[in-house]
Amino acid sequence: MLNGIYYFFSNAWNGFKSLYVPPATSPLTEARNEIDQVKKEIQQLKAENNRLKNVEHDYQKSIREQAQEINALKASIASYKRLLEEKESLLAADKRRLEESEASVASYKRQLEESKPFLDVIEKNLTNLKDDNGLDYARTLDYIILSALRNMKVLTFKLENVSLEAGDRIFVCGGHVLLGDWVPTSSLELTAMGSNYEASVGINEVTQKELNRLQYKYALLRGDAWYWESGKDRFRENPTSADVVDGEPRVWETTPCMTNSK
């Protein structure tokens, strides 16, 4: 009997629940709910926007740091490049000086070989030869040669990138007997070495003093006519300095200063 009563009331309760209709939501409540939902979405969008701004800021900062590192590397590379160019320039200068020294040595060897027959004749003729006062000519000559060579230096004249016509010759002429005392026909001739022209002569201590503040010019012999280079006289304070190179020749004057026939 109790089971029947429980069953009756249970079914009645379920029937009542099925008949319950919740109160309808008002339009104002729906609008507020939608506004709250929109506010939540706006807050989420703001948070996402702030996150993206932080990411962009970090990205720009990283780019600036990388640009600074790249500029620092470029500056280091440029500095190393300048150092390398300076070292290459020094090496090239050392190489030129070495080549010039080798050319001078070769020139001295040629001059010695050319002078050897003359010296052999002198040695042969002066051996054991003495004058009435007992002067030993051979020993005297040896002393004179050794004295001249003791403090000898090299006087060099060099022109670079010279362009001449066939048969042209270049001389250096100036205010000393070694350079012809301004007489072109007695001046010192330069020897062609590729596109450069050079002349070297050994001078002793006395001649070195005489050549201080040397004035000179280059002269061109074309056929029988001599032509000075244009411009003022060249000048050297220390003529035997190894660093002196006159560079490219000036323009030659168009009117000859003299001819070999006069």
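Here, residue 1 is the first one in the sequence, and each next residue gets the next number.
Atom CG of Leu159 sits about 5.5 Å away from atom CD1 of Ile170, to the nearest 0.5 Å. A distance of 10.5 Å separates NZ in Lys39 from CZ in Arg32, rounded to the nearest 0.5 Å. The line from CZ of Phe157 to CG of Leu190 is 8.5 Å long, rounded to the nearest 0.5 Å. Interatomic distance, Leu28 CG to Glu30 CD, rounded to the nearest 0.5 Å: 10.0 Å. Note that CD of Gln44 and NZ of Lys40 are 9.0 Å apart. Values are rounded to the nearest 0.5 Å. Separation of atoms CD (Glu34) and CD (Glu41) is listed at 10.5 Å; rounding is to 0.5 Å.
Counting only distance, with no hydrogens or angles, the side chain of Lys217 and the backbone of Gly231 share a donor-acceptor pair below 3.5 Å. Side-chain atoms of Ser79 do not come within 3.5 Å of backbone N or O of Ser76 as any donor-acceptor pair. Panel note: side chain Asn196, backbone Asn161; a donor-acceptor pair is recorded below 3.5 Å. Side-chain atoms of Asn49 never come within 3.5 Å of backbone atoms of Leu45 as a donor-acceptor pair (strictly under, hydrogens ignored).
Cys173 and Pro184 get closest at one heavy-atom pair: SG-N, 3.8 Å. Val172 and Ser187 get closest at one heavy-atom pair: O-CB, 3.1 Å. Closest approach of Ala219 to Trp252, counting heavy atoms only: C-CZ3, 3.9 Å. Across every non-hydrogen atom of Leu221 and Gly223, the tightest pair is CD1-O, 3.6 Å.
Put simply, the side chain of Met193 does not reach to within 4.5 Å of the side chain of Glu99, judged on heavy atoms. Looking at Lys74 and Ile70, their side chains come closer than 4.5 Å, going by heavy atoms from C-beta outward. Proximity of Tyr227 to Asp168: side-chain heavy atoms (C-beta onward) are nowhere separated by under 4.5 Å. In this structure the side chain of Arg64 reaches within 4.5 angstrom of the side chain of Lys61, judged on heavy atoms.
Linking Ile, Leu, Val, Met, Phe, Trp and Tyr whenever their side-chain heavy atoms come within less than 4.5 Å leaves Trp228 and Met258 in two separate clusters. Note: the hydrophobic cluster containing Tyr216 also contains Val162 (ILVMFWY, side chain heavy atoms under 4.5 Å, direct or indirect links). One hydrophobic cluster, built from ILVMFWY side chains closer than 4.5 Å, cannot hold both Trp182 and Trp226; they sit in different ones.
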Exercise for review: List the steps and the verdict of side chain to side chain contact (heavy atoms under 4.5 Å, CB included) for Glu86 and Leu83.
Suggested key: CA-CA 5 Å; Glu86 290 174 0; Leu83 290 174; 4.0 Å; yes
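For the pair Arg82 and Glu85, the salt-bridge criterion is not met [side-chain N within less than 4.0 Å of a carboxylate O].
A centroid separation of 6.0 Å or more is found between the aromatic rings of Tyr197 and Tyr218.
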